[in-house]
Amino acid sequence: MTRLGDRSGDAVSDELWDEVADHYDAQQLAALIMWIATTNLFNRPNATIKEPAGATWE
């Protein structure tokens, strides 16, 4: 889902989506997708400024 440059075709295959949907309902899937998106949002600036995750600023 998050490595768009590596994908060829769908980011998440129908087979994988079906397998995950067996374990989570629609609300839980939406929350999971939002959690992944939020994590990516914070990882992008860290990668840009080369700040390791969890580092403290001094």
Side-chain angles (χ1 to χ4, degrees):
M1 180 179 138
T2 61
R3 297 185 54 103
L4 300 177
D6 293 346
R7 72 183 205 182
S8 59
D10 292 333
V12 177
S13 68
D14 290 341
E15 293 82 13
L16 179 57
W17 185 261
D18 289 341
E19 186 176 334
V20 173
D22 288 341
H23 300 281
Y24 300 98
D25 64 26
Q27 186 175 4
Q28 292 170 323
L29 285 170
L32 183 60
I33 291 168
M34 290 305 297
W35 184 260
I36 292 167
T38 302
T39 300
N40 272 337
L41 172 69
F42 288 102
N43 283 340
R44 299 294 177 193
N46 280 352
T48 301
I49 63 173
K50 298 180 182 170
E51 183 72 25
T56 57
W57 291 4
E58 295 182 34

Self-check item: Interatomic distance, Ile36 atom CD1 to Asn40 atom CG [nearest 0.5 angstrom]
Solution: 8.0 Å
Practice problem: Please report the closest heavy-atom contact between Gln28 and His23, naming both atoms and the distance. | Solution: OE1-O, 4.3 Å
Quiz prompt | Spatial distance of atom CD1 (Ile33) from atom OG1 (Thr38) [nearest 0.5 Å] | solution = 11.5 Å
Practice problem: Measure the OG1-CE distance between Thr39 and Met34 for me, rounded to the nearest 0.5 Å. | Solution: 10.5 Å
